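Notes follow the structure.
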Amino acid sequence: MSLPDIGDLLAAAEHIAVLTGAGMSAESGVPTFRDVQDGLWAKYDPMTLATEEAYAEAPDLVWAWYLRRAQMIRDVRPNAGHLALAELAEFKRVSVITQNVDDLHERAGSTVLSHVHGGLFAYRCFDCAAPWDEELEVPETIPERVAPPKCADCGGWIRPGIVWFGEMLPPKAFQDAVDASSSCDLMLVVGTSGIVQPAGSLPFAALERGKPVIEINPEESQLTAYVTHSLRGTAAEVLPQLVKLARGEG
Ligand code: BJW
Ligand code: ZN
């Protein structure tokens, strides 16, 4: 199918659900999880650090890793793909569902329906789950280990409010994501490997209802065989073109 045909689908759609993954933020300078491991990711494997067990065993190591991630996100900016999705919402109903724990969609001007894997800047107690909303102190140079702050209520360690492997997704965020995926006319799936469940199954809610699902990814993913259309390009290249098409331009 050619871009003009995809343009017709976009122009006709009233409600567009968008599922984004780490590739969405790659062109902002945030490394993805499963691509070639470099920089910060070379030494620390998210598959082993992003678990309750890792935090319970070495809270200072895991906390320092998240401080570095928070510092990196603060230092980068939304890319043309994030900006295009915010622009799309000016003239379409757009439900953004993101697996990303960064805040780049919001900083681009999007209202995010659902952060299915939580947020890097929301903190809570590891033991009693009380929210922690004090100002986060991030040293200029972050050592390999930093003791996390302690909960004022119970003395437990503070943890980032993200979803680690083996943890349930926040029920409302996941239900909102299922509802949007099941009720949209068209779904865009941007920059995700589709490996991690249950988020990777959301496109099937649209596919099962016969709705078009367009994947935007420079590489094949776990979802490629199932989606109705695949666009082989990056988020920052392809999304601005799709917004033009949705406007009936281009
Ligand atoms: C570009 C690009 C550009 C690059 N433009 N694109 C077996 C079967 C089914 C499920 C399981 C299973 N074994 C275990 C499970 C469950 C597990 C799971 O799915 N594991 C898989 C590894 C198999 N899931 C869970 O544990 C979830 N909870 C759960 O299931 O609860 C129920 C339950 C509870 C108890 C017991 C049993 C069941 C929770 C999952 C939480 C995921 N958390 C993370 C870490 C968050 C914290 C942090 O950031 O540190 O979320 S993992 C990590 O992966 C992160 C991401 O959101 C998530 C998804 O990754 P994503 O976004 O797809 O990134 P990548 O790197 O994989 O892909 C990037 C893509 O971008 C690539 O395709 C590139 O080509 C592309 N790309 N440049 C466009 N410029
Ligand atoms: Zn507590």
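Computed from heavy atoms alone, side chains included, the values below leave out hydrogens, waters and symmetry copies. Treat the numbers as computed from the prediction; the structure is a model and nothing was measured. In each ligand, atom 1 is the first atom listed, and ligand 1 is the first ligand listed.
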Quiz item: salt bridge (Lys or Arg N to Asp or Glu O under 4.0 Å) with Arg232: which of Glu219, Glu215, Glu220?
Solution: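 One option only clears the test, and that one is Glu215.
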Quiz item: Hey, is Arg69 one of the residues with a heavy atom under 4.0 angstrom from ligand 1?
Solution: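 Heavy atoms of Arg69 do come under 4.0 Å of ligand 1.
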Practice problem: Could you see which bit of Ala26 sits under 4.0 Å from ligand 1, with heavy atoms only: side chain, backbone, both or neither? | Solution: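 Ala26 to ligand 1: side-chain contact only, backbone stays beyond 4.0 Å.
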Quiz item: How does Val101 reach ligand 1, by side chain, by backbone, by both or by neither, if only non-hydrogen atoms under 4.0 Å count?
Solution: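 The part of Val101 near ligand 1 is the side chain, not the backbone.
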Quiz item: What class does the angle between the rings of Trp132 and Trp63 fall in, given that below 30° is parallel, 30 to 60° is tilted and above 60° is perpendicular?
Solution: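 Geometry flag for Trp63 against Trp132: perpendicular rings.
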Exercise. Measure the acute angle between the ring planes of Phe126 and Trp164, then classify it against the limits of 30° and 60° as parallel, tilted or perpendicular.
Key: tilted
Need the ligand 1 atom indices (1-based, order shown) with element for anything under 4.0 Å from a heavy-atom of [X].
{"X": "Glu167", "value": "27 (C), 28 (N), 29 (C), 31 (O), 39 (C)"}
{"X": "Tyr66", "value": "47 (C), 48 (C), 50 (O)"}
{"X": "Thr234", "value": "3 (C), 5 (N), 80 (N)"}

Quiz prompt | Residues which pass salt bridge (charged side-chain N to carboxylate O under 4.0 Å, His left out) with Arg74, listed by chain and number, not counting sequence neighbours | solution = none
Quiz item: In chain order, what residues pass the salt bridge (charged side-chain N to carboxylate O under 4.0 Å, His left out) check against Glu27, with sequence neighbours excluded?
Solution: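 Not a single residue meets the salt bridge (charged side-chain N to carboxylate O under 4.0 Å, His left out) criterion with Glu27.
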Exercise. Could you tell me whether some N/O pair between Trp65 and ligand 1 is separated by less than 3.5 angstrom?
Key: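 Such a contact does not occur with ligand 1.
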Quiz item: For Asp60, what residues pass the side-chain hydrogen bond (donor to acceptor under 3.5 Å, both in side chains) criterion, not counting sequence neighbours?
Solution: Arg145
Quiz prompt | Any side-chain donor near an acceptor of the partner, Asp102 and Ser25, under 3.5 Å | solution = yes
Exercise. List nothing but the number: protein N/O/S atoms under 2.8 Å from the Zn ion (ligand 2).
Key: 4
